[in-house]
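A short worksheet on the structure shown next.
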Number of protein chains: 2
Amino acid sequence: MEHKKRLIKYNDKMFSCATSIAMELIGGKWKSVILIYLIDGSKRYSELRKLISTITERTLSLQLKQLEKDGLITRKVYTKKPPLKVEYSLTKFGESLAPVLNAIAQWGMAVAEEKGEVIEG
Amino acid sequence: MEHKKRLIKYNDKMFSCATSIAMELIGGKWKSVILIYLIDGSKRYSELRKLISTITERTLSLQLKQLEKDGLITRKVYTKKPPLKVEYSLTKFGESLAPVLNAIAQWGMAVAEEKGEVIEG
DNA sequence: CAGTATCCGGCTTGATACTG
DNA sequence: CAGTATCAAGCCGGATACTG
C-alpha cells in the first residue's frame, strides 16, 4: 500500500493522513481498551471499571464522554432515580472498528507473551 | 474473542490488558503515522518531515527516539560530518506491526472518505 | 450506582532559534 | 542535513472527596 502526502480536514482539525484521523479517535491510553471490551457486548459503568482495573473513575467517565461525542459508543440510561443503571455499547460506527481493535489486541498479546509478565490471570 | 481481566507487567509498568501494551507502543498522536510511512521502506529524517507536514522537528525527533528505544525502528548514520545522512527503518519487531498499522490506515481512510474533506491530495 | 468537583503534577506538543 | 536548546501552553491522567 502506498501512503501519499495529503491533508485532510476532519471535525475542523487538520490531519496529515488517514492514520492520524484514526489515532485521533482511538489513540490515547484508554480508548481502545474501553472499545475492545464493548465488542463483546454492552457493559455497565461499574463493569468497565472492574475490567479495566487501573483506570480511575474520572478518567473512565471522561473517555466515555469523548467516545460518545465521536459517535463510537452510545449511552443508555435505564433508571431515573438512584441506584442508576447505565449501559454503554458500540454504535455501528464503533462496530466498524472491530477488525482494527482485534488486530491491536492480537499484536499486544503476542508482545505480552514474548516480553511481558502476567501478574494476575 | 474473550477479554479476561488480567494484569501484565511490561517494561516495569503495569497494564490491564494486552491492548494497553500495544497502545503504549503505538498510541499517541504521531507514532503510528511515522511507522506506517516506514512500512514502504527506510526514510531519512527530512523525508519524514515532508511526509508528515504538520509535525514539528522537535516532536519528530522525540518520537523517533522513543520508537527506537522501544525497539520498533533503527537509526543508521551514513556520514560522519555535515551534511549528515540518517535513515530510519523498521526492525523485525516493527515489521510485525504492519498488519495492525494497515488495519488502522484502512479504517482511517474509510472514515476520511465518508466524513472528511481532502484539502491537498 | 454512576458519576461530578476539585486540585494538581507531569507529559506531550508547539514555536523559535541555534549547531555539529 | 539532522538535529538540539529553550521556553511555554495545554491536555492527560491521578487522588480524593462528594452527590442525585
Side-chain angles (χ1 to χ4, degrees), chain A residues 7 11-16 19-20 23-34 37-38 42-70 73-89, chain B residues 7 11-17 19-21 23-34 37-38 42-70 73-89:
Chain A
L7 277 179
N11 279 350
D12 285 329
K13 289 186 186 176
M14 301 303 298
F15 297 92
S16 63
T19 299
S20 302
M23 294 313 293
E24 169 89 354
L25 296 175
I26 65 165
K29 194 172 177 180
W30 300 111
K31 283 181 185 174
S32 57
V33 179
I34 295 170
Y37 282 121
L38 293 180
S42 57
K43 297 272 182 300
R44 297 182 63 170
Y45 179 85
S46 54
E47 289 182 285
L48 288 170
R49 208 165 40 136
K50 281 175 203 162
L51 287 166
I52 312 171
S53 53
T54 50
I55 199 171
T56 63
E57 296 178 352
R58 170 195 152 85
T59 299
L60 177 56
S61 177
L62 290 174
Q63 297 300 311
L64 287 169
K65 268 185 188 152
Q66 186 61 51
L67 289 170
E68 192 185 4
K69 191 176 161 194
D70 287 337
I73 66 174
T74 51
R75 177 179 184 271
K76 186 163 183 185
V77 186
Y78 288 89
T79 51
K80 282 174 184 165
K81 290 188 179 179
L84 294 185
K85 180 180 177 183
V86 178
E87 278 199 346
Y88 294 91
S89 50
Chain B
L7 277 178
N11 278 349
D12 284 330
K13 290 187 186 176
M14 300 303 298
F15 298 92
S16 62
C17 66
T19 299
S20 302
I21 295 180
M23 294 314 292
E24 169 90 355
L25 296 175
I26 64 165
K29 194 171 176 180
W30 300 112
K31 283 182 186 172
S32 57
V33 179
I34 295 170
Y37 282 121
L38 293 179
S42 57
K43 299 271 183 300
R44 298 181 65 168
Y45 179 86
S46 54
E47 289 182 285
L48 288 171
R49 207 164 43 135
K50 281 176 203 162
L51 287 166
I52 312 170
S53 53
T54 52
I55 199 171
T56 63
E57 295 178 354
R58 170 192 156 83
T59 299
L60 177 56
S61 176
L62 291 174
Q63 297 300 313
L64 287 169
K65 268 185 189 153
Q66 187 61 53
L67 289 169
E68 191 186 5
K69 191 176 162 194
D70 288 337
I73 66 173
T74 51
R75 177 180 184 274
K76 186 162 184 186
V77 186
Y78 288 90
T79 52
K80 283 174 183 164
K81 290 189 178 180
L84 294 185
K85 179 180 177 182
V86 178
E87 277 198 348
Y88 294 92
S89 49

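Per chain, numbering begins at 1; letters A, B, ... match sequence-line order.
- For Arg58(B) and dT6(D), a side-chain-to-base donor-acceptor distance below 3.5 Å is present, hydrogens and geometry of angles not being considered.
- For the OP1/OP2 pair of dA2(D) and a distance below 4.0 Å, the side-chain nitrogens and oxygens of Arg44(B) include at least one atom meeting the criterion.
- Applying the 4.0 Å criterion to OP1 and OP2 of dG20(D), one finds that Lys80(A) has every side-chain N and O outside that range.
- Residue Thr59(A) has a polar side-chain atom (N or O) positioned under 4.0 Å from OP1 or OP2 of dG14(D).
- Straight-line distance from the CD1 atom of Ile55(A) to the P atom of dT16(D): 17 Å, rounded to whole Å.
- Under a 3.5 Å cut-off, the side chain of Thr79(A) and the backbone N or O of Lys85(A) do form a donor-acceptor pair.
- Where Trp30(A) and Tyr88(B) meet DNA chain D, the nucleotide closest to each residue was compared, and Tyr88(B) sits on the side nearer the 5' end.
- Salt bridge Glu24(A)/Lys13(A): present, at least one basic N to carboxylate O contact under 4.0 Å.
- Inter-axis angle, ends of the helix from dC1(C)-dG20(D) to dG20(C)-dC1(D), five pairs per end, rounded to 10 degrees: 60°.
- Counting only heavy atoms from C-beta on, Lys65(B) has its side chain closest to dT4(D) among dT4(D), dA17(D), dG14(D).
- Both tests do not hold together for Lys43(A) against Tyr88(A): distance to the six-membered ring centre under 6.0 Å, angle to the ring axis within 45°.
- Put simply, NZ on Lys29(A) is 12 Å from C1' on dG10(C), counting in whole angstrom units.
- The side chain of Glu57(A) sits closest to dG3(C) out of dG3(C), dG14(C), dA2(C).
- Note on Ser61(A): a side-chain N or O is less than 4.0 Å away from OP1 or OP2 of dT4(C).
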**OP:** Before giving the answer on side-chain hydrogen bond (donor to acceptor under 3.5 Å, both in side chains), spell out for Ser89(B) and Thr74(B) the whole-Å C-alpha distance, their side-chain angles and the decisive distance to 0.1 Å.
**Re:** CA-CA 6 Å; Ser89(B) 49; Thr74(B) 51; 3.3 Å; yes
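- A close approach under 4.0 Å does not occur between any side-chain nitrogen or oxygen of Thr56(A) and OP1 or OP2 of dA15(D).
- In this structure, of dG14(D), dT13(C), dG20(C), it is dG20(C) that holds the atom nearest to the side chain of Leu84(B).
- For Val86(B), whose side chain is taken as the heavy atoms from C-beta onward, the closest listed nucleotide among dA2(C), dT13(C), dG3(D) is dG3(D).
- To the nearest angstrom, P of dG3(D) lies 13 Å from NZ of Lys85(B).
- For Arg75(B) and dG3(D), the shortest distance from a side-chain N or O to OP1 or OP2 is below 4.0 Å.
- Taking atom CG of residue Leu64(A) and atom P of nucleotide dC1(C), one finds them 17 Å apart after rounding to whole Å.
- Looking at Ser16(A), its side chain never comes within 3.5 Å of a backbone N or O of Leu7(A) through a donor-acceptor pair.
- Residue Tyr45(B) contributes atom OH, which lies 12 Å from atom P of dC1(D) at whole-angstrom precision.
- Among the atoms of the strands shown, none is found under 4.0 Å from any heavy atom of Tyr78(A).
- Rounded to whole angstrom, the span from the CD1 atom of Ile52(B) across to the P atom of dG3(D) amounts to 14 Å.
- Distance Leu51(A) CG to dA2(C) P: 13 Å, rounded to the nearest Å.
- Residue Gln63(A) is classed as a sugar-phosphate contact, given heavy-atom separations below 4.0 Å to backbone atoms only.
- Gln66(A) places no side-chain N or O within donor-acceptor distance of the main-chain N or O of Gln63(A), the cut-off being under 3.5 Å.
- Contact of the Tyr37(B) side chain with the Leu48(B) side chain is registered, since non-hydrogen atoms from C-beta on lie closer than 4.5 Å.
- Taking every heavy atom of both residues into account, Ser20(A) and Phe15(A) meet most closely at CB-CD2, 3.6 Å.
- Rounded to whole angstrom, the span from the NZ atom of Lys43(A) across to the P atom of dG3(C) amounts to 16 Å.
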